[in-house]
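Values below: all heavy atoms of this structure, side chains included; hydrogens, waters and symmetry mates excluded.
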Amino acid sequence: MKFNGENIQSLSNNTIERRIVFGIIEGPDNLICANNEDGELMFYSDGRIFKNSLHQNMLNAPTNEYSVYYAQAAISRDPGNQNKYYVFVNIQDGLDSFLTYTVVDMTLDGGLGGLDPDNTHVTMINDVAQQMVVARHANGKDSWIICVRRGRYYAYLITENGIASTPVVSSAGVSIFDGNFADFGTLTISQNNKLIAAAFPGLSKLFLLEFNDLTGRISLAYEYEDIDDTFSDNPNGAVEFSNNNNVLYHSGNSSGIKQFNISDLNNIPSPIFITSSGNYPYLKLGPNGKIYSSQNGETFIGAIQEPDIIGLECDYDSNVLNLSGSQLLDLPVFLQPKFPEGISFINICEGETTEINFAGTFRETVRIEWDLGDGNTAIGENINHTFLNPGTYSVTAYVINEDDDEIIFTDTKEIIIYESPILQQPDDLYLCLEDTTIFFADYNDVIVSNFNPAIYSIKYYFSESDALLRSNDVLEYIPEIGTKTIWVRIENKLNPLCYDILSFDIITPEYIVIDMPTEQYICDERAGLTLSAPDGFISYEWSNGAMTQSININSTGLYTLTVVKDFGDFTCEARTTISVGNGDELPIIEDIKVIDWSRNHNSIEVVIDRIGNYEYSVDGVNFQESNVFLNLPFKEDYRVYVRDINCQQTIESDKLFLLYHDRFFTPNGDGVNDYWRVINNFREENIQIQIFNRYGRLLETMSYYDRGWDGTSDGVEMPTSDYWFRVVRQNGKIHYGHFTLKR
């Protein structure tokens, strides 16, 4: 269709072939159509086939990707290149669907345009629903592409630097629990860019959403459920706003066209049925302000003639253009004009030149005079002006009839100019401590002098492209040998597109080792603790303000030491943090439990009066965490040591002894093994030792002072045999054993 004022003309020389798969026409729910500023056709597409203004396939078209059936399509300018455009479509890959973009470059093919072969169906995100729409950014230059994914709205910012990979995510109305029924439907943006209508025919619901064009956030303003409507095999949900943004039109699956008065979002009355029934899958606002419709199975196009008027006076005509027997499949999504009707502007950051425009159609010959709200005036439909200070300016356009110099129309709009930061080139950082995480937030004051966190925020990135697109910001970094470039972006919190970026390097020529324990303890409250840093650095700075190599402290806590090493042409900085706690008090050894009578399998258990961080030893050299010592060899003397691990203070027990006995003896008078004895019996004064023959007859009784048994009983030599003994210790414990007498 070609528009010429109130007249419309059907063009018959433009066709896009559509493949039919299993009886379904393959392709999106909406075509896209791009006109230049003079309204002349540049190209149109279904996402696969791209046609130029001569209705020929564009260079590098068609693509190999078909769009998802019933999915919307969208188009946006490239804010960084007036000759390039982004075309967004939803493509299918197996059971999943992907939001993709293709770049159309109008400088190709002698100005007829073509597809950028390196940017064809670039995947942005998977698992998306059918809905998508492009909205203007508040700065008038950039755009948002908005889609639905798992019951939430994803808004991706499009700037001169490309498409951000990190979206703004909002939840409003639908949720992931609505399942596949939320995958069908339509998104439409209002003419003033402040409202989004979201139709979900699978849920029989219509949502009116408020859109923050500065931040990309979406919130719910109104919800309507059509309880009489039912989901069908053709899940269309048509929605469109009137030119004055006060009226919304909606058509569900089969319930006709409904009109909503949305002039007061806090009080939206019940809808008015413009048609009582019928399936109208498409409602589109034309360049003449009328809203056009198509109806399934019909061979003509209808139109709401006066969509700004509430009630049936909006004048719906079911046949404004006869299609000569053809049935309409799609109505297109248009490229938004660079300047919408009324006052519009581009660039709203301090220091930028703001381009201000007035667009309108008048029968008279007119001129536009401006009151710019800051004491300045201007003349012209399109003017450039620099506001000297941040603030809100009430800008008024006066439309003047040049024949009689009378004002015939006035439009006023507030322009908010946001404060812009300016970064000073930060110094490179020399950081040389291995395996230590650098938290960038700790360096905000170093990177930005006089940083005001109430106005600005700072983020850090590993690449310039990420910094420009506000994608993949990083919070920390572990230095590696070499040079790492860090990009810092400071931006206005209210308008993040008022920003400045610079880079600095983190340089690590070598790893510096600050050789000192990172956990230390105060063991004497009166003396405190001395923290001593190693030699080899030109400066020392402690977190308590001290600038000396060593400090004496009396309080527990964390103490950070920053050292600087001189490399000649530069210095390198490293940090370490020492955790200081209180050492454990020395314990009291309450008991030592001994299991002896073995040559190599004796044991000692140490019992102390408290729980703490202690270690144990039986030789004062080798310490262990366990208080039990097993498989100890027999020796006459042992001593137990308990050491406080934190303060390395040690206590020791008195000497302790083990008992053992001879396994045999030979009482032949040669001076070797002439007596059987209990080893160390003399150390225990109240010990009692009894010897028995194999038949249990008591042969001898000895005490601690006895040298041993000489192998006789009542003066009679006992024969070679095995004999038994019984030892009663002074603690009451009894031990039995046996030995051999050899003659």
Side-chain angles (χ1 to χ4, degrees), residues 433-437 513-534 540 542-546 548-562 575-598 600-659 680 683-684 729-733:
L433 194 60
E434 186 177 10
D435 296 330
T436 297
T437 301
V513 177
I514 304 178
D515 189 13
M516 59 186 302
T518 56
E519 292 186 3
Q520 299 193 41
Y521 299 88
I522 297 175
C523 302
D524 186 336
E525 293 183 357
R526 292 174 296 177
L529 172 67
T530 298
L531 299 178
S532 297
Y540 303 83
W542 298 86
S543 53
N544 65 356
T548 55
Q549 186 172 350
S550 299
I551 60 172
N552 189 266
I553 58 174
N554 296 94
S555 301
T556 61
L558 297 176
Y559 292 83
T560 299
L561 169 65
T562 302
R575 292 181 180 178
T576 189
T577 298
I578 298 96
S579 174
V580 176
N582 284 318
D584 293 321
E585 294 183 12
L586 283 174
I588 296 173
I589 298 176
E590 291 186 331
D591 191 15
I592 300 174
K593 300 177 180 180
V594 176
I595 299 177
D596 45 7
W597 299 103
S598 172
N600 291 302
H601 299 288
N602 303 288
S603 66
I604 294 175
E605 180 182 357
V606 185
V607 180
I608 59 177
D609 66 339
R610 69 195 64 195
I611 297 174
N613 200 13
Y614 302 108
E615 56 187 358
Y616 304 85
S617 175
V618 291
D619 62 7
V621 177
N622 302 296
F623 283 83
Q624 64 181 40
E625 291 184 3
S626 173
N627 65 328
V628 177
F629 297 87
L630 302 173
N631 300 318
L632 292 175
F634 174 82
K635 67 177 184 176
E636 292 192 357
D637 289 318
Y638 273 100
R639 192 184 298 271
V640 169
Y641 301 85
V642 182
R643 183 165 68 188
D644 170 18
I645 294 177
N646 298 331
C647 292
Q648 295 292 294
Q649 297 181 9
T650 305
I651 60 171
E652 61 184 63
S653 70
D654 295 333
K655 286 184 179 180
L656 59 96
F657 60 92
L658 306 180
L659 294 184
N680 275 337
R683 308 280 289 269
E684 193 168 314
R729 305 191 64 171
Q730 63 185 18
N731 60 7
K733 290 185 176 182

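By the neighbour-count criterion of 12 heavy atoms within 6.0 Å, atom CD of Glu590 is densely surrounded, having more than that number from other residues, nucleotides or ligands. Counted within 6.0 Å of CG on Asp654, heavy atoms from surrounding residues, nucleotides or ligands total 12 or fewer; the atom is thus considered open. Atom NZ of Lys593 has 12 or fewer neighbouring heavy atoms from other residues, nucleotides or ligands inside a 6.0 Å radius. For CD of Glu585, the number of neighbouring non-hydrogen atoms (other residues, nucleotides, ligands) closer than 6.0 Å is 12 at most. Crowding of Asp609 atom CG: a count of heavy atoms from other residues, nucleotides or ligands under 6.0 Å exceeding 12.
When atom types are taken as modelled, the side chain of Asn680 and the backbone of Leu658 share a donor-acceptor pair closer than 3.5 angstrom. Between the side chain of Ser617 and the backbone N or O of Asn622 there is at least one donor-acceptor pair closer than 3.5 Å. Checking side-chain atoms of Arg639 against main-chain N and O of Ser653 turns up a donor-acceptor pair under 3.5 Å. Between the Gln549 side chain and the Ala533 main chain, a donor and an acceptor come within less than 3.5 Å of each other. Checking side-chain atoms of Gln730 against main-chain N and O of Glu684 turns up no donor-acceptor pair under 3.5 Å. Looking only at distances, no side-chain donor or acceptor of Thr556 sits under 3.5 Å from a matching main-chain atom of Asn582. At distances below 3.5 Å, at least one donor-acceptor pair connects side-chain atoms of Asp596 with backbone N or O atoms of Leu659. No donor-acceptor pair closer than 3.5 Å links the side chain of Asp637 to the backbone N or O of Lys655. At least one donor-acceptor pair closer than 3.5 Å links the side chain of Asn602 to the backbone N or O of Leu632.
With hydrogens and angles left out, the side-chain atoms of Asn552 and Thr530 include a donor and acceptor closer than 3.5 Å.
Counting all heavy atoms, side chain and backbone alike, Tyr641 lies closest to Glu652 at CE2-OE1, 3.4 Å. Residues Thr548 and Trp542 share a closest heavy-atom pair of O-NE1, 2.7 Å. The two residues Val628 and Gln624 make their nearest non-hydrogen contact at O-NE2, 2.8 Å.
Considering only heavy atoms from C-beta on, Ile651 stays 4.5 Å or farther from Tyr614 through its side chain. Residues Leu561 and Leu531 have side chains not in contact (no heavy-atom distance under 4.5 Å, counting atoms from C-beta outward).
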